[in-house]
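Reading through the structure tokens given below for one structure.
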Amino acid sequence: MKKLESREDIEHLVNSFYAKVVKDETIGFFFNDVAKVDWDKHLPKMYSFWESILFGQMSYKGNPMGVHFPINEIQAMEQKHFDRWLKLWSTTIEENFVGENADMAIYKSENIAKLMAFKMELARRL
């Protein structure tokens with residue numbers, strides 16, 4: 001087990017995580033069927049997103065919440081989906097990394113999941 005401390009580590013984490021996501025019965029369809037994710041574009045954005053979150057590099061340019069609203073309109077993104085996302089993310093971190101940044105990646109993802117679940121539910125009510 002190693003510390004999460006570089007862009008290369010983030011790339012390994014993100015790649016390992018999404019390898020699980022695309023096969024997952026609970027959330028994989030969002031990526032494969034609803035959003036029809038272009039992985040060549042999506043993965044580098046996720047590397048930059050987590051690099052910004054964990055290392056303050058500010059390499060991410062985008063609006064994560066805004067990207068999810070149109071998906072939520074097609075297929076409801078519910079709490080159970082965010083719980084599964086969080087479980088896959090946390091498990092992937094715990095399988096590969098230790099230390100402060102690994103703990104922070106889990107902590108930040110919990111906050112992201114809570115906020116996104118809340119906002120997606122709110123959007124469905126409006």
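All values reported here derive from a predicted model rather than from experimental measurement. The analysis underlying the following values was restricted to heavy atoms, covering all of them including side chains, and did not include hydrogens, waters or symmetry mates.
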Is there a side-chain contact between [X] and [Y] in this structure, where contact means two heavy atoms from C-beta onward sitting under 4.5 Å apart?
X      : Y     : answer
Phe49  : Ile53 : yes
Thr26  : His81 : yes
Phe17  : Met46 : no
Asp103 : Phe97 : no
Val22  : Trp39 : yes
Ile27  : Leu88 : yes
Lys87  : Thr91 : yes

Parallel, tilted or perpendicular: ring planes of Trp89 versus Trp50, cut at 30 and 60 degrees: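 It falls in the parallel class, under 30°.
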Verify the cluster assignment for [X] and [Y]: are they in a single hydrophobic cluster under the rule of side-chain heavy atoms below 4.5 Å apart?
X      : Y     : answer
Leu122 : Phe82 : no
Phe29  : Ile74 : yes
Met65  : Ile71 : yes
Val98  : Ile93 : no
Met1   : Leu4  : no

Residues Glu51 and Ser59: side-chain donor-acceptor under 3.5 angstrom: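 Their side chains do contain a donor-acceptor pair, which is all the 3.5 Å distance test asks for.
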Verdict with supporting geometry, Met120 and Phe69, side chain to side chain contact (heavy atoms under 4.5 Å, CB included): CA-CA 7 Å; Met120 294 304 120; Phe69 285 125; 3.4 Å; yes
Gap separating the [atom1] atom of [X] from the [atom2] atom of [Y], nearest 0.5 angstrom:
X      : Y      : atom1 : atom2 : value
Leu54  : Asp9   : CG    : CG    : 10.5 Å
Ile10  : Glu5   : CD1   : CD    : 11.0 Å
His68  : Asn63  : NE2   : CG    : 10.0 Å
Asp24  : Phe30  : CG    : CZ    : 11.0 Å
Lys108 : Asn101 : NZ    : CG    : 11.0 Å
Leu115 : Glu110 : CG    : CD    : 13.5 Å

Mark yes or no for whether [X], through its side chain, and [Y], through its backbone, hold a donor-acceptor pair below 3.5 Å.
X     : Y     : value
Ser52 : Gln57 : no
Lys45 : His42 : no
His12 : Glu8  : no

Cationic N near anionic O, under 4.0 Å, Arg7 to Glu11: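 Looking at Arg7 and Glu11, the cut-off is met.
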Sidechain N-carboxylate O distance under 4.0 Å for Glu78, Lys80: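 Salt bridge between Glu78 and Lys80, a charged N being under 4.0 Å from a carboxylate O: yes.
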Side chain to side chain donor-acceptor pair (under 3.5 Å), paired with Glu121, selected from Arg124, Arg125, Lys119: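 For Glu121, the side chain to side chain donor-acceptor pair (under 3.5 Å) test succeeds with only one of Arg124, Arg125, Lys119, which is Arg125.
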Neighbour count above 12 (heavy atom, 6.0 Å) for Lys3 NZ: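 No, not enclosed.
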Asn32 and Val37: CA distance, side-chain angles, deciding distance, side chain to side chain contact (heavy atoms under 4.5 Å, CB included) verdict: CA-CA 6 Å; Asn32 299 320; Val37 170; over 6 Å; no
Listed partners of Glu94 passing salt bridge (charged side-chain N to carboxylate O under 4.0 Å, His left out), at least two apart: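 None.
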Under the side chain to side chain donor-acceptor pair (under 3.5 Å) test, residues paired with Thr92 that sit two or more places apart: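 Here the qualifying residues are Lys20.
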Sub-6.0 Å ring centroid separation between Tyr18 and Phe31: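 So the answer is yes for these two rings.
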